[in-house]
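Heavy atoms only: backbone and side chains are in, while hydrogens, waters and symmetry mates are out. Sequence positions, counted from 1, serve as the residue numbers for this chain.
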Amino acid sequence: PKCAASAHRQVTARCGHSIAGQAQSMADRSLPPTDSDDWLPEPAICATGGRGPLLPVFGDSEQEWPRGLRITLYLVGLLWCFMGVSIISDMFMSAIEKVTSKKVRRFDKSKGRWYTHEVWNATVANLTLMALGSSAPEILLNVIDIFAKEFFLEGLGPGTIVGSAAFNLLMIIAVCIAAVPDGQVRKIKDLSVYTCTATWSVFAYLWMIVILVLITPNVVDLWEGVLTFLFFPLLTFLAFCCDKGFIGGSKVVRSEVIVHEDMTPEELAEAYAAVRKKHGQKLSDDQAARILVAMNARTPSRAKYRVNASRSLFGGKRVKLAFTQRFGTMLTTGKLSQVVEEVVEQPIAATFFLPVTKFAVLESAGEVHVPVRREGDLSLAAQVYFKTEPGTALDKSDYVHVEGWLQFAPQEAEKQVSVTIVDDDAYEEDETFYLTLTQARAEAGERAEIRTDQGQAAILIIDDDDPGILSFATEDGKDSVTIVQQAEEYVAQVRVQRRNGSCGEVKVCYHTEGDTALPGRDFEHCEGQLVFADKQMEATIQITIKGAPRYDAKDRFRIFLTEPEGGAKLDPARDGDDKHNILTAFMEADAAMKASMDRVHSILRTKWEKSKVGHANWSAQFKEAFMVNGGAGEEDEACAPSWQDYVAHFITLPWKLLFALVPPTDYCGGGLCF
């Protein structure tokens with residue numbers, strides 16, 4: 001009875017609340033197996049008589065060693081275990097990367113074309129498998145400790161997850177921000193997904209306070225645990241909706257060809273034809289679209305003014321509102337009130353203005369002519385001072401600066417200001433400069449003014465030195481190509497074309513990716529950068545195709561075009577998007593090599609070849625486990641391992657041999673390794 005009462009008090013204090021039934025049950029489990037009244041609690045693992053699953057290795061004699069020596073030895077052992085965790089975690093992440101990078105080809109009936117799609121959504125993969133891979137050690141440590149302590153919280157347990165999450169939320173974010181180099185900017189790619197995950201991160205800590213402090217202090221009930229676990233699929237679903245644009249707005253990027261939302265197809269066709277008639281039939285679709293946007297841009301809406309005011313207050317990026325800035329300058333200097341007073345005192349004899357305030361001109365046009373009009377008493381001679389002002393377009397390199405007085409004779413209501421446009425062969429983004437009316441005066445001292453909302457014209461220079469659009473050169477514009485696998489190794493040529501422009505030197509990166517055709521078995525993986533010289537319209541990617549006795553079997557791999565430079569773009573209509581183009585290469589047997597073997601035999605042979613590659617990789621894992629740096633450096637002296645590499649290798653050799661038993665990622669698309 002004395003022991004039972006003591007255990008009851010210990011359990012009650014430990015839980016933080018008195019639940020008689022639970023406390024009594026736990027007290028019953030805490031009773032000693034003997035009837036002795038001299039029962040003592042079990043000694044701690046670090047005290048004489050205490051034991052754990054592994055320590056002390058040498059029994060009670062180890063407990064008598066000097067405390068400093070034991071601390072050092074245990075710390076070294078802990079660090080050694082951390083090395084093992086690091087090694088197996090790398091393999092785990094490799095499996096996850098293999099699983100989440102799987103791609104399939106689907107036929108789009110609306111476009112009549114095959115497209116390559118990733119099986120895993122990137123956001124879902126990051127929140128599930130990627131998070132599991134990076135947090136697996138603390139998750140497993142928590143689960144093991146909870147089960148080992150019969151669902152009592154002692155030492156480790158949930159504290160490992162809470163501590164890791166707090167470290168990620170505070171320290172990792174701080175390091176990521178501090179690591180951004182001076183003068184550079186990093187932007188959040190998808191703000192809606194970021195907002196969703198950040199909100200849930202904060203909610204997780206608040207939820208722990210609710211269930212551990214407010215509802216049932218120091219106890220997690222079954223319903224609380226189940227509900228907490230269900231929050232995870234809910235978070236994943238909401239983040240997926242944000243990624244797809246179902247929450248937080250659409251991610252669809254609309255084409256600039258749609259100038260106004262209320263423009264009918266007939267109106268758009270009419271405007272498109274007018275642009276081609278004015279600027280020439282040789283315009284590309286992209287150039288015509290940019291001219292339409294420049295000519296039909298709407299006046300800044302009220303929302304833009306509101307956004308601009310808010311950003312000005314809080315240090316955000318300003319919205320370009322040329323007219324707003326002009327009015328603001330007049331208000332702050334008091335000139336607007338002076339104009340109003342003068343209007344009352346003296347009538348205006350001449351008002352100058354620009355009837356068109358937005359121009360778009362091709363770089364090859366040579367000149368742009370800006371009309372200037374006046375209203376009022378046309379019987380008087382008048383003059384207005386004009387000058388060009390740089391924007392993104394600069395004097396001498398993009399246009400020739402002009403300024404001076406424009407003289408209007410009596411009865412003359414309109415004149416033109418001509419500005420020379422500099423044409424060069426270098427590719428540039430579309431650039432803008434301005435023609436501004438600054439002063440006005442009339443004959444005999446009469447009052448003249450410039451209309452404030454039509455005193456400046458923006459002139460957009462459309463660059464016609466297009467570097468072109470890059471894409472794979474295939475028959476009928478298909479996103480696939482057939483490559484014959486011969487008995488002997490040879491180099492296949494994959495053509496990349498450049499169209500709709502060839503000005504300047506451009507570059508594009510490329511790389512291959514295996515699918516059912518495997519690098520090293522069917523082809524040599526290659527990556528690099530193609531360089532197109534000025535006026536060069538085509539370049540080739542050379543891929544080494546391995547010699548193999550292929551029959552009816554068909555395998556495939558992919559070739560990617562990414563990161564165009566020099567102003568060139570990738571064809572957005574091809575497989576992939578404007579960020580990367582994908583060409584699927586189907587490997588077929590040489591017609592001369594085909595025999596009368598049926599298709600079943602061919603499929604079995606293909607599977608056997610894949611199985612051989614898998615076994616080769618598995619055996620290679622054991623070879624790499626024995627060799628320093630996995631064998632790298634023996635053929636290349638520049639990569640020779642250092643003495644630190646040798647020390648680390650021998651320390652971690654037991655872990656490497658143990659984890660070499662894990663199946664490689666070649667099996668089941670990485671699923672077996674996972």
Side-chain angles (χ1 to χ4, degrees), residues 103 105 107-108 111-117 253 255-257 276 280-290 363-364 425-429 462-485 490-513 515 517 523-545 556-588:
K103 299 179 180 66
R105 281 174 58 83
F107 187 75
D108 191 336
K111 298 181 179 179
R113 177 184 296 274
W114 287 89
Y115 285 92
T116 303
H117 299 268
V253 179
S255 172
E256 288 186 339
V257 176
R276 285 191 169 275
Q281 297 296 326
K282 294 183 178 180
L283 283 177
S284 65
D285 292 340
D286 185 62
Q287 291 172 339
R290 285 185 286 173
E363 189 180 64
S364 59
D425 293 331
Y427 170 76
E428 300 171 303
E429 297 291 339
I462 305 293
D463 183 51
D464 54 4
D465 299 316
D466 275 352
I469 298 176
L470 302 178
S471 63
F472 290 104
T474 57
E475 295 181 2
D476 301 327
K478 295 181 179 178
D479 295 316
S480 61
V481 65
T482 300
I483 296 179
V484 176
Q485 188 170 29
Y490 77 102
V491 177
Q493 308 285 338
V494 177
R495 297 184 298 125
V496 179
Q497 65 182 357
R498 181 185 190 185
R499 55 186 179 82
N500 292 350
S502 61
C503 181
E505 181 182 274
V506 299
K507 302 177 182 179
V508 64
C509 296
Y510 65 88
H511 68 272
T512 58
E513 178 186 84
D515 193 341
F523 67 96
E524 289 289 346
H525 170 73
C526 65
E527 58 182 295
Q529 190 176 58
L530 281 182
V531 179
F532 289 78
D534 184 30
K535 308 303 180 186
Q536 182 180 348
M537 300 298 293
E538 189 172 277
T540 59
I541 299 174
Q542 297 185 344
I543 303 176
T544 300
I545 305 299
R556 63 178 180 266
F557 64 97
R558 300 180 186 89
I559 310 167
F560 287 77
L561 292 181
T562 61
E563 302 177 13
E565 300 179 9
K569 300 178 181 178
L570 295 177
D571 191 347
R574 304 300 290 270
D575 188 7
D577 50 30
D578 58 349
K579 301 299 182 184
H580 60 278
N581 279 184
I582 304 174
L583 178 69
T584 301
F586 291 94
M587 302 188 68
E588 296 184 353

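Atoms CZ and CD1, on Arg499 and Ile469 in that order, are 5.0 Å from each other to the nearest 0.5 Å. Rounding to the nearest 0.5 Å places CG of Asp479 at 7.5 Å from CG of Leu583. With values rounded to the nearest 0.5 angstrom, Thr562 atom OG1 is found 12.0 Å from Lys579 atom NZ. Taking NZ of Lys478 as the start and CZ of Arg574 as the end, the distance is 11.5 Å to the nearest 0.5 Å. Taking CD from Gln497 and CZ from Phe532, the interatomic distance works out to 9.0 Å, rounded to the nearest 0.5 Å.
No side-chain heavy atom of Met587 sits under 4.5 Å from any side-chain heavy atom of Arg556. Ile541 is listed as a side-chain neighbour of Leu561, based on a closest heavy-atom distance under 4.5 Å. Arg498 places none of its side-chain heavy atoms less than 4.5 Å from the side chain of Leu530. Residues Phe472 and Ile559 are in side-chain contact: their nearest non-hydrogen atoms beyond the backbone lie under 4.5 Å apart. Looking only at side-chain heavy atoms (C-beta outward), Ile582 and Glu513 stay at 4.5 Å or farther from each other. Counting only heavy atoms from C-beta outward, the side chains of Glu527 and His525 approach each other to under 4.5 Å. Looking at Tyr510 and Val494, their side chains never come closer than 4.5 Å, going by heavy atoms from C-beta outward.
In this structure, the side chain of Thr512 engages the main chain of Cys526 through a donor-acceptor pair within 3.5 Å. Under the 3.5 Å distance criterion, the side-chain polar atoms of Asn581 are matched with a main-chain donor or acceptor of Asp571.
Among all heavy-atom pairs drawn from Lys507 and Leu470, the shortest one is O-CD1, 4.5 Å. Heavy-atom minimum distance, Ser480 versus Thr474: O-CG2, 4.0 Å. The two residues Ala568 and Pro467 come nearest to each other via the heavy atoms N-CG, 3.5 Å. Closest non-hydrogen pair, Val506 versus Gly566, comes out as CG1-O, 3.7 Å.
With sequence neighbours left out, the ring-ring contact (aromatic ring centres under 6.0 Å, His included) criterion links Phe523 to Phe557. The salt bridge (Lys or Arg N to Asp or Glu O under 4.0 Å) check on Glu505 picks up nothing, with sequence neighbours excluded.
In this structure, Glu524 places its CD atom where more than 12 heavy-atom neighbours from other residues, nucleotides or ligands lie under 6.0 Å away.
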In sequence, state the C-alpha distance, the side-chain angles, and the governing distance for Arg558 and Thr584, and then conclude on side-chain contact (heavy atoms from CB on, under 4.5 Å). CA-CA 5 Å; Arg558 300 180 186 89; Thr584 301; 4.3 Å; yes
